[in-house]
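Report on one structure; see the data block that follows.
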Amino acid sequence: MASPLSIRLDERLRLNLEQEAAASGIPLSQLVRDLLETGAKRARRDRIRRDSARVARYVAATPSAQELFEETGGTHGA
């Protein structure tokens with residue numbers, strides 16, 4: 001089981017979240033968990049994309065990396 005987490009919300013944000021939770025028919029805690037999970041997944045995907053772009057820039061600028069890339073089969077279908 002996950003550990004509880006305490007966060008502070010200003011009144012306006014809390015009211016907005018409570019309204020959204022009520023409109024969705026779910027408890028506030030579930031809405032917050034869902035939003036955090038979605039945000040964490042998005043952040044992870046964004047980090048992976050940034051890292052992939054960094055590697056691509058390195059390969060494009062480095063002849064020895066280009067050689068290794070070609071030796072190992074290039075883009076593997078990309």
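What you see is a predicted model; the values in this text were computed from it and never measured.
The distance from the CD atom of Q19 to the OG atom of S24 is 11.5 Å, given to the nearest 0.5 Å. Going from atom CG of L68 over to atom CD of Q66 covers 11.0 Å, rounded to the nearest 0.5 Å.
Counting only N and O atoms by type, the side chains of N16 and E20 include no donor and acceptor under 3.5 Å apart.
Residue I26 is grouped with residue L9 when hydrophobic side chains (ILVMFWY) are merged at heavy-atom distances under 4.5 angstrom, including chains of intermediate members. Y58 is not connected to I48 by any chain of hydrophobic side-chain contacts under 4.5 Å among Ile, Leu, Val, Met, Phe, Trp and Tyr, and they are in different clusters.
Put simply, the side chain of R42 reaches to within 4.5 Å of the side chain of T38, judged on heavy atoms. With contacts defined as side-chain heavy-atom distances shorter than 4.5 Å, the pair L36/R33 does not qualify. Two residues are said to be in side-chain contact when any heavy atoms from C-beta on lie closer than 4.5 Å; V32 and I7 meet this criterion.
A donor-acceptor pair is defined here as one N or O able to donate and one able to accept, closer than 3.5 Å; such a pair exists between the side chain of T72 and the backbone of F69.
Residues L17 and L31 approach most closely at O-CD2, 3.2 Å, considering heavy atoms.
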